[in-house]
Structures are given as structure tokens and as C-alpha cells.
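Below is one structure, written out as C-alpha cells; the observations come after it.
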Amino acid sequence: MLNLFAGLLFTSPYLSLSGNVLIEGLGEWVFADHQVLEGLTLTLLTRPGESLSSWSEMLSVMDIHVEGSPRLVANRLRDDLLANCLQMTWEFHWEGEEDVLYEFRSAGCRGQAAGIQEHEIGRITQGPDGPVRIAYATKPEMTPEIRSRWLNLLGSEVGTARGFPIQNLTGVARKPSSPAPEAPTAERQIARWLQEATDALKQQEDLLAELDRLGQEAQADARAYSQKAPNEAGTSVISLHRGRGDGSPGEATTEFKTTDTLVWAILPVGSLPANAQVEMLWYYEGGEAGGEQLIRKFDFPWDPLADTVQGFLSFSQPYTGRYRVEVQVNGEKIGIGRFTIR
């Protein structure tokens, strides 16, 4: 999962935001990078006058819409950083299943010259859609006073998914120098995770070469794949449709474009028991963004009067490659469909 996210963040186009934002208790910051991807959102902020190529302070927030506890996310992040940054030191200030406060120091972790010290304090808590990470980093190492201040800040409600004082990063970015909004509720979520691991993985030439190879391979065999009929015995073929502008299912197809942001799946099933457990699972099978991953799973409360299972997959920025959708009833696969995005 970590390698897939790193590849997505590196290869995906991102939305450049502009404008300063005042964050209550944290001062003034500038949007340096904002990426909205399938499964996660990443926003990086630096101090005014600084940028991603030249910064001394960075604030990163990431929302991850995948299964996994904050503790699992923190340990994967730590393991990846230790593998790529031999001089790194890592410390858990607390490590609960749903709440983690960590600190690390490293030299050269983001591809900088050896000996440049980085120092980060981060908090990972559980949000309504998955783990949320908020982190503060400096170059060089923090002074004892700054370290104590940020440990206290991120160790308080400010450092949690529900407590971070920006209600909507995109909305705030359109209003330069706007005052900080009220503390967000569960529906006003902002994000975090993976910043350090992503930057470290970006520097690996072998990863970049592999992503490039997979992307070219996906383009070459996309048409042949999309025309291949499912060969699972006893399963039906799920009908796939391009979403219309109003969100309803339109043209039936197995070949989609990156401009298609809505894919409908429809499967007639006849009558099912009233207590049937119906699930629709969407998989990314391979291509531009790496290898196979389960990207969405939907549970359907079954209506005994219904005779069709239908659902859709929405994208903010689709990735080219091969996809699969399955319908399962009481854990048994009854339908499958395959499609490509080119």
C-alpha cells in the first residue's frame, strides 16, 4: 500500500493552490502543494517566502480513505523511513491503536545533501473516513523551545482529525489572508500521512523506472484486456457504463478515458433472500499506479423487491490501467466485470 501511494503521488497531476492562510495558534502559512487522489488528499504548507524547493518549516496534512489504524500507518511510515534513511532516529511519545504521537530526526531523508538535519513531529488520529496525519517539520533541527511548543500543540486537540483549525483547505486557498475558521466537525475533514515516505520514495530511480514500465505496458494491452470475457465459472458479466453529466449511467462500454470520472456497474440478480449480504468490490489491477489494490468496497442493504445490484465508482483523477469490479452475495462471487482507463 505504501509503495502504491508513493507512485500515485509522484505521477499524478496536482492542483496548485495560492494564497496565504492564517491558522489559529500556528501563524501564517502558504499553500505549496495540494493533491487530490483516489483514496487520499495531501496538502503541504510552508512559511511565506518559502517553497517546496527551499523551506525551513513545513506543515503537512493528509487524509487517507483506506482501511488501517493510525498505529498501523505510523509503523509502516517508520519502517519505510528507516529503510531509506539510515541515520534516522524515531521516537513514539505515545502509541495507541487510534492515536499516535511521534518524532523523528534524519539527515538527507528528502533527497537533500547529506548532513542537512530534518526534524519532524507528527500526530496520527482516526478520522471519519480513515487515518488522518498532521505533521510539522523543520530544517535544520528544532530548538528546544520550538520542539516543546509543537509537542504541546500537536499533543493537544489541535493535532487531531477533528481539532485541526482549517475547515476546508481548498476553500481557504481561494480567499487569501482569510481569518481562521472555527474548529472543524467530523464532516469538515482535513488530512495527513505519508509526506516523509512519499518524498523518500520519489528519489528512488528504480521505482520511477518501474512505474514508467508499468504505464507503457498498460497502454499496450489495454484494448485486449477490456475485451477479454471473465472466465470465472458460474459468474455473470457485470455491465459497465460511462456516467452522464447528471450522474446517471449512460453508454455501455469497457474502455474509459481519464476524462471519465464516473463508472457505473449494473448486474441483474433476480430475487435474493431478504437478509442477503451484498457487496460490490472495485479493484485496480495494474498499470500506471502499480500493482493490484482493492480501492473501494460497498455494502448494500438488500431490498427484497429489487432485482438488480448497481453502484458506481467516482474518481477525482483516474489512473490509466486495468480495473475489475465484483459483486458478492453472502461472500460468494456472482458477477464480475473488467474495464480499462486509457
Side-chain angles (χ1 to χ4, degrees), residues 4 8 12-13 36-41 65-67 128-130 215 218-219 221-274 276-342:
L4 175 62
L8 295 184
S12 169
V36 180
L37 304 168
E38 188 65 26
L40 57 89
T41 303
H65 308 295
V66 295
E67 295 182 359
D129 299 318
Q219 295 291 336
D221 66 5
R223 182 175 297 274
Y225 176 85
S226 64
Q227 295 175 347
K228 181 175 63 175
N231 56 11
E232 284 80 355
T235 61
S236 300
V237 177
I238 298 174
S239 177
L240 297 158
H241 299 259
R242 183 175 286 111
R244 296 192 180 101
D246 62 0
S248 63
E251 170 196 6
T253 183
T254 57
E255 296 185 31
F256 296 83
K257 302 176 182 178
T258 55
T259 53
D260 295 320
T261 57
L262 197 65
V263 177
W264 276 92
I266 301 175
L267 178 66
V269 295
S271 61
L272 295 175
Q277 300 295 314
V278 182
E279 295 177 325
M280 181 175 285
L281 299 91
W282 297 82
Y283 294 88
Y284 182 85
E285 288 199 333
E288 174 188 12
E292 179 167 314
Q293 292 288 333
L294 174 64
I295 55 177
R296 282 290 187 275
K297 179 180 179 181
F298 299 107
D299 297 317
F300 293 85
W302 185 246
D303 180 358
L305 300 179
D307 61 2
T308 301
V309 176
Q310 60 180 350
F312 62 84
L313 179 66
S314 61
F315 298 90
S316 56
Q317 176 63 47
Y319 296 99
T320 59
R322 305 178 301 277
Y323 293 76
R324 180 176 83 251
V325 59
E326 298 178 359
V327 171
Q328 296 184 6
V329 175
N330 296 330
E332 180 180 353
K333 186 191 308 180
I334 65 167
I336 186 169
R338 290 189 171 90
F339 61 99
T340 61
I341 294 181
R342 297 197 296 169

For Asp260, enumerate each residue passing the side chain to side chain contact (heavy atoms under 4.5 Å, CB included) test, keeping only those at least two apart in sequence or located in another chain.
-> Arg242, Phe256, Lys257
Only counting residues at least two apart or in another chain, list the ones meeting side chain to side chain contact (heavy atoms under 4.5 Å, CB included) with Pro301.
-> none
Considering residues, nucleotides and ligands other than Gln277, do more than 12 of their heavy atoms fall under 6.0 Å from its CD?
-> no
Can you name the nearest heavy-atom pair linking Gly250 to His241, along with the distance?
-> O-ND1, 3.0 Å
Which class fits the ring pair Phe339 and Trp282: parallel under 30°, tilted 30 to 60°, perpendicular over 60°?
-> perpendicular
Can you tell if the side chain of Leu240 reaches within under 4.5 Å of the side chain of Val325, non-hydrogen atoms only?
-> yes
Would you indicate whether the side-chain heavy atoms of Trp302 and Val309 approach each other to under 4.5 Å?
-> yes
Thr254 vs Arg338 side-chain heavy atoms within contact, under 4.5 Å | no
Value rounded to 0.5 Å, distance of CD in Gln310 from CE in Met280 = 8.0 Å
To the nearest 0.5 angstrom, please state how far the OG1 atom of Thr258 sits from the CD atom of Gln317.
-> 6.5 Å
Rounded to the nearest 0.5 Å, how far apart are CD1 of Ile341 and OG1 of Thr259?
-> 9.5 Å
Exactly one candidate in Val329, Val278, Val327 meets side chain to side chain contact (heavy atoms under 4.5 Å, CB included) with Phe300; the answer is Val278
Residue pair Tyr284 / Thr320: nearest heavy atoms and the distance that separates them | OH-O, 2.8 Å
Exactly one of Gln328, Lys333, Glu326 clears side chain to side chain contact (heavy atoms under 4.5 Å, CB included) with Glu279, and that residue is Gln328
Minimal heavy-atom distance between Ala265 and Ile238, with the atoms involved, is CB-CG2, 3.7 Å
Say whether, by atom type as modelled, one donor and one acceptor occur between the side chain of Trp264 and the main chain of Gly247 under 3.5 angstrom.
-> yes
State, to 0.1 Å, how close Ser236 and Leu267 come at their nearest heavy-atom pair, and which atoms those are.
-> CB-CD1, 3.8 Å
Examine distances only and state if a side-chain atom of Glu288 and a backbone atom of Tyr319 form a donor-acceptor pair shorter than 3.5 Å.
-> no
